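Data block below; observations after.
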Amino acid sequence: MTIQFSTQIFSQADISNPKQRKSSLATLLAQATDCLVLAYAKTDLDALAGSKPKTGLLAELDQLLGGAITHANLLGDLDDKQASTCILRAEKSWVSSGVKAKRVLLVGLGDLHLVGARSLISYSKVARAALKQLSGGSIESALWFIPSFALGHRSEFIAEEVRLTIQYAGDQAYRFGVRQPTMKFKAKDKADTFKKLVFAGNEACSKELRAAVAQGIAMVEGMHLAKDLGNLPPNICTPTYLGKTAQGLAKKVGLKVEVLGRKQIEALGMGSFLSVTQGSDTPPQFIVMRHQGGKVGDAPIVLVGKGITFDTGGISLKPGEAMDEMKYDMCGAASVIGTMYAIGLMKLKKNVIGVVPTCENMPSGQATRPGDIVKSMSGQTIEILNTDAEGRLILCDALTYVERFKPKAVIDVATLTGACIIALGHVHSGVFSDDEDLVNALTKAGHASLDTVWRLPLDAAYHEQLKSNFADVANIGGRPAGSVTAACFLSRFTEKYKWAHLDIAGTAWKSGAAKGSTGRPVPLLVNFLLEQH
Ligand code: BES
Ligand code: MN
Ligand code: ZN
């Protein structure tokens, strides 16, 4: 179903050390695997082809493999470009020289002197290219040699690389719906043959390596759950389904889960949240998930996810084109649930609470009208000028609710505005916060997971656009800076704690031929939580 990830530690093996390299390579080649994955730099290829005495990784490998690399190079199969790949298949001579690997996949790191060649982005390209070669054929298992280990990188880089590799391999192995018991959605959706990825390391990095593999596995589980929830059709992935999923996590990883129904939501005075669910026959839910990994009494980090399981726009109805994609309007919720699952699996030693207000936004005779005024849990009244700006209406009550936890920080995650896609496209999620430390930590976590954010403003001047003649605040601020005014609206409910808002409208799913949930920003949130102290 998914890939099995593990580590194998070779005492003393150190490919970065030229003196030990040949014996280390011989050790790696002697492992029984369908494919040994090795990375080489442009200099290794230059050395192999040059006239000087042959040194470097490829030359030494060539000697161990009976000239197979020289041969491949003569045929033009080796390239000095970053992310180029070449597969060598076992020959008789390999066996007699003690090589047990059935294949060797060589992947190019390119010219390491170029700017950025040793960055995580470069590594990600190399890793993706290699993983692509491992998938879709007859390779079942691979032994993966970590380039940073060879390049003598700092050790935290190893963790980032390993987690990223697992994230990409998990991504590649993901098949929609196979983990959800509700129905078989696609008759022919074959699992990949590739099932087992082993990270090779030495004593020096074994601790980081083991920890990073465990974290990576947990993160992929969380991402798969987030993807499934996003991709599930809106007739199945209802607020009740999200509640049941959260309760399932209570059993699986020991989260404490509470799911409040309409009566309890009413009792809390969440008039804003209730105004959104009013037009729908499907009952709303308010989900609270607690992970108690830290000391009792330690202030928790709170994650709040927008859980609109379908957004028609309500009476301010959306146009019909691509409206099916509004099933993804619960991706904030999915990422919060996925992150809670991941940190539960990791047994993260921190207190984290996930909160999900969830309902549908439907038009009906009962539905909220443009012009209606409702009272939020905070006491502020809201004039609803557009029922399609519903995300902020459910989030504001959740943001008031979480005050009771006296949080260390609150991060809300929402597919909040189409305007965010116009501003940032599908590359970065938007981040909004007045807290520099929080912005910096989220930016850093984004870089470490390549699940990046870009800061947008929250200045007082934008608040002007939310003025209402009839209530404390309007729920829309017109077309200019639509993502900013949405964030400004939320900020009115967050005065009691440190807060950041993530607008994931452009990053949570892909449209077109590759339509599907991306699992973002689970990697960002998990990396952020890992780095909190
Ligand atoms: N869920 C949408 C935002 C959205 C739209 C996300 C398209 C991804 C793709 C949100 O509820 C919404 O409809 N926002 C409106 C706000 C407007 C009425 C002020 C929007 O962005 O058009
Ligand atoms: Mn909407
Ligand atoms: Zn919405």
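Read the numbers this way: they start at 1 and go in the same order the structure lists the ligands and their atoms. Computed from a predicted structure; not experimentally measured.
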So is there a nitrogen or oxygen of Met326 less than 3.5 Å from a nitrogen or oxygen in ligand 1? no
Considering both backbone and side-chain atoms of Asp311, is one of its nitrogen or oxygen atoms within less than 3.5 Å of a nitrogen or oxygen in ligand 1? yes
So what's near the Mn ion (ligand 2), protein N, O or S atoms under 2.8 Å? Asp311 OD2, Asp388 O, Asp388 OD1, Glu390 OE1
Answer yes or no for Lys227 and Tyr174: cation-pi contact, defined as NZ/CZ to six-membered ring centre under 6.0 Å and angle to ring axis within 45°. yes
Would you mind telling me which of Leu232, Leu229, Thr358 makes a side-chain contact (heavy atoms from CB on, under 4.5 Å) with Met330? Leu229
So Phe493 and Phe489, would you call those rings parallel, tilted or perpendicular, with 30° and 60° as cut-offs? tilted
By atom name, which N, O or S atom belonging to Glu390 lies closest to the Zn ion (ligand 3)? OE2
Atom 11 (O) of ligand 1 protein-contacted, heavy-atom criterion under 4.0 angstrom: yes
Between Asp329 and the Zn ion (ligand 3), is there a contact where an N/O/S atom of the residue lies under 2.8 Å from the metal? yes
Please check if atom CD in Gln366 has more than 12 non-hydrogen atoms from other residues, nucleotides or ligands closer than 6.0 Å. no
I'd like to know if Lys306 contacts ligand 1, where contact means a heavy-atom distance under 4.0 Å to any ligand atom. yes
Just to confirm my numbers, could you give the angle made at the Zn ion (ligand 3) by OD2 of Asp311 and NZ of Lys306, rounded to 10°? 180°
Contact region, Glu325 to ligand 1, non-hydrogen atoms below 4.0 Å, reads neither
